[in-house]
Amino acid sequence: MTTEVQIQPQAASTPAWAMLRTLGGIALLSGLLVALVYQFTLPIIAENQRVLTEKAVFRVLPGAVGKRDFVITPEGGLAPAETGASGDLIYGAYDADGRLLGLAITGSGPGYAGPVKVMFAYDPGCDCITGSKVLQSNETPGFGDKLDFDPDFLKNFEALDARLDAAGTALANAIVTVKHGTKSEPWQIDAITGATISSKAMGRAANSAAQRAVPAIERDLAVLTSPPSP
């Protein structure tokens with residue numbers, strides 16, 4: 001009896017270098033596509049951010065029709081953003097005749113579910129904050145929303161004291177949030193009942209914004225009213 005044994009031919013194996021070459025090519029192509037998409041979308045993202053910022057400025061400073069960007073310099077003064085200076089941004093708001101209506105300044109404070117970023121309106125005429133708009137918040141819906149819409153809470157920002165000390169380097173009185181119904185000073189914020197943590201976040205945001213921006217604004221107020229460079 002004869003037994004036939006069939007031997008299956010071995011499949012040719014792919015050399016390791018060929019696999020690496022293929023994977024490297026795929027990775028290179030993927031990286032190139034990501035870079036191209038980033039370059040394509042970057043100006044779109046920047047333009048969207050500009051529009052959102054402008055809308056927020058015009059909301060906290062009603063009557064404004066024009067906006068200029070300024071930078072808080074490392075020396076503690078102001079410089080027009082178009083000069084290429086680097087630093088924290090603030091925004092000058094102007095009426096149809098080019099008169100300065102006020103400044104939009106930003107700050108953030110830790111809330112219940114993360115940082116609360118807020119834009120505030122500052123009026124050099126009264127040395128006070130006159131408006132607010134939450135830019136970023138993850139606070140509990142129904143409570144965190146009140147930071148932007150509760151009429152009693154928003155009264156805190158109609159004339160919130162942000163005067164400087166005698167040296168002009170810091171606020172004379174830090175802006176703080178107090179328990180609802182206990183506000184007794186113009187630099188205090190009356191908290192929302194049931195949303196104390198969110199209310200405190202607004203207070204910290206207002207204080208950080210004013211402590212950083214107001215000394216620079218008052219030092220270089222003339223820069224804000226000078227015409228932009230051609």
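Just so it is clear, the values below take in all heavy atoms, side chains as well, and ignore hydrogens, waters and symmetry mates.
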Report task. Identify whether the distance between the nearest side-chain nitrogen and carboxylate oxygen of Lys146 and Asp148 falls below 4.0 Å. Result -> no

Query - Donor-acceptor pair, side chain of Gln188 and main chain of Ser184, under 3.5 angstrom - result: yes

Report task. Check for a donor-acceptor pair, side chain of Thr177 on one end and backbone N or O of Ser199 on the other, with a separation under 3.5 Å. Result -> yes

Query - Side chain His180, main chain Thr193, donor-acceptor under 3.5 Å - result: no

Query raised in the report: Hey, quick one: are Val134 and Ile90 part of the same hydrophobic cluster, counting side-chain heavy atoms closer than 4.5 Å, chains of contacts allowed?
Result: yes

Report summary line: Separation between CG (Leu171) and OG1 (Thr169), nearest 0.5 Å, reads 9.5 Å

Report task. Quick one: pull up CG in Asp69 and OG1 in Thr53 and give me the separation to the nearest 0.5 Å. Result -> 8.0 Å

Query raised in the report: Taking everything shown except Lys200 itself, do over 12 heavy atoms lie less than 6.0 Å from its NZ?
Result: no

**Report entry** Arg204 backbone acceptor or donor facing Ser208 side chain under 3.5 Å
**Finding:** yes

Requested in this report: May I ask you to check whether over 12 heavy atoms, not counting those of Lys183, lie within 6.0 Å of atom NZ?
Outcome: yes

Query raised in the report: If only atom types and distance count, is the side chain of Asn207 paired as donor or acceptor with the main-chain N or O of Ile175 below 3.5 Å?
Result: yes

Requested in this report: Would you confirm whether Asn156, through its side chain, and Leu160, through its main-chain N or O, come within 3.5 Å as a donor-acceptor pair?
Outcome: no

